[in-house]
Amino acid sequence: MKYTWIMITSVALFAIGCGGNEQKPAPGTSQSEEAPKHEAVADEPTGSTNEDKQEVILHLEGNDQMQYDKLELKVPANSTVTLTLAHTGKMAKEAMGHNFVLLKPGTDIPAFATKAIEAGIDKDYIPESDAIITHTKLLGGGEETTITFDAPAKGTYDYICSFPGHYGTMHGKLIVE
């Protein structure tokens, strides 16, 4: 009987300890330093800029752990997209700079990243390339920037941070529906 209660208590404590899959930020970290969200997350359209185009507002964050907070963004076709990129970390852009580079389908991302390194920090690691649809400037911790662009044709597009070595973990998909 004594061993039965020990087993029941152990199983109950184990189940509580292994609880749900809700992730909470570690003490002393901000919400933006959590693991990236894998589901599609984008703000709703805000209206029309003219009779044919919707304006879509997107907010994307990068942190000192080389992560974007969203791995997928969705926008309607024939929309005007206003994207704000915020670097929520504290490190300088020379050490942990972040940008947003939207690439055409079929772009060889490792080859593009090599060209970005060659472009250097003076050019915000943005090489001369016809593979780029749009991009932001390079940001350091605590900075943000906003760009506005027309959504490309329906399809799926890669976006990356072109700071050296970041594209491996800082990438996502823009889905135009």
Side-chain angles (χ1 to χ4, degrees), residues 21-26 28-43 56-75 79-153 155-177:
N21 60 6
E22 177 183 352
Q23 295 181 359
K24 296 180 182 175
T29 63
S30 70
Q31 202 65 1
S32 62
E33 292 176 347
E34 289 184 56
K37 297 173 184 170
H38 294 280
E39 69 275 2
V41 179
D43 294 334
V56 178
I57 308 295
L58 300 174
H59 186 83
L60 184 64
E61 296 178 356
N63 62 31
D64 283 343
Q65 288 73 42
M66 295 189 330
Q67 297 174 328
Y68 285 129
D69 68 330
K70 298 175 185 84
L71 301 179
E72 189 175 275
L73 303 170
K74 289 185 179 181
V75 299
S79 62
T80 299
V81 180
T82 299
L83 179 131
T84 298
L85 174 66
H87 187 325
T88 60
K90 296 181 180 181
M91 297 177 75
K93 76 177 182 178
E94 295 79 12
M96 185 62 66
H98 297 319
N99 60 16
F100 168 90
V101 183
L102 184 62
L103 300 169
K104 291 180 180 175
T107 300
D108 181 340
I109 295 175
F112 179 85
T114 299
K115 289 179 183 177
I117 292 169
E118 294 167 0
I121 195 165
D122 292 340
K123 293 184 179 178
D124 289 341
Y125 297 108
I126 302 294
E128 293 292 325
S129 173
D130 61 357
I132 299 171
I133 296 171
T134 191
H135 65 85
T136 66
K137 66 181 184 175
L138 190 67
L139 303 176
E143 296 179 330
E144 72 175 43
T145 190
T146 300
I147 58 172
T148 300
F149 60 96
D150 290 332
T156 301
Y157 301 83
D158 290 305
Y159 62 86
I160 66 166
C161 174
S162 64
F163 189 91
H166 287 198
Y167 77 92
T169 59
M170 292 189 78
H171 55 87
K173 303 283 185 191
L174 174 74
I175 300 170
V176 181
E177 301 176 315

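All values derive from a computational prediction rather than experimental measurement.
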Nearest-0.5 Å distance that lies between atom NE2 in H98 and atom OH in Y125 = 13.0 Å
task = Please answer whether the main-chain N or O of D130 pairs with a side-chain N or O of K104 as donor and acceptor at a distance below 3.5 Å.
result = yes
key: Flag, side chain of T88 to backbone of G62, donor-acceptor distance under 3.5 Å   = yes
key: Nearest-0.5 Å distance that lies between atom CG in N63 and atom OH in Y68   = 11.0 Å
request  = Could you tell me whether F112 and Y167 have their ring centroids closer than 6.0 angstrom?
outcome  = no
query = Any side-chain heavy-atom pair from T148 and V81 closer than 4.5 angstrom?
reply = no
message = Can you confirm whether C161 sits close enough to F100 that some side-chain heavy atom of one is under 4.5 Å from a side-chain heavy atom of the other?
response = no
request  = State the CD1-OG1 distance between I175 and T156, to the nearest 0.5 angstrom.
outcome  = 5.0 Å
ask   = Do N99 and H166 have side chains that get closer than 4.5 Å, going by heavy atoms?
value = no
message = Donor-acceptor pair, distance only, cut-off 3.5 Å: does the side chain of K123 make one with the backbone of E118?
response = no
inquiry  = Just verifying a value: how many Å separate L174 CG and L102 CG, rounded to the nearest 0.5 Å?
reply    = 5.5 Å
ask   = Between the side chain of H87 and the main-chain N/O of M96, is any donor-acceptor distance below 3.5 Å?
value = yes
note = Heavy atoms of V176 and P152 approach each other most closely as CG1-O, 3.2 Å
query = Of all heavy-atom pairs between Y159 and L71, which one has the smallest distance, and what is that distance?
reply = OH-C, 3.5 Å
key: Pairwise distance CG(L85) to CG(L139) - rounded to 0.5 angstrom   = 5.0 Å
request  = Could you name each residue pair satisfying side chain to side chain donor-acceptor pair (under 3.5 Å) that touches residues 135-146, not counting sequence neighbours?
outcome  = T84-T146
query = Is there a side chain to side chain contact (heavy atoms under 4.5 Å, CB included) between D69 and L60 once you walk through the steps?
reply = CA-CA 6 Å; D69 68 330; L60 184 64; 3.5 Å; yes
key: Nearest heavy-atom neighbours spanning V101 and S162   = CG2-OG, 3.8 Å
inquiry  = Rounded at 0.5 Å granularity, tell me how far OG1 in T169 sits from CD in Q65.
reply    = 10.5 Å
D158 side-chain N/O to I109 backbone N/O, donor-acceptor pair under 3.5 Å = no
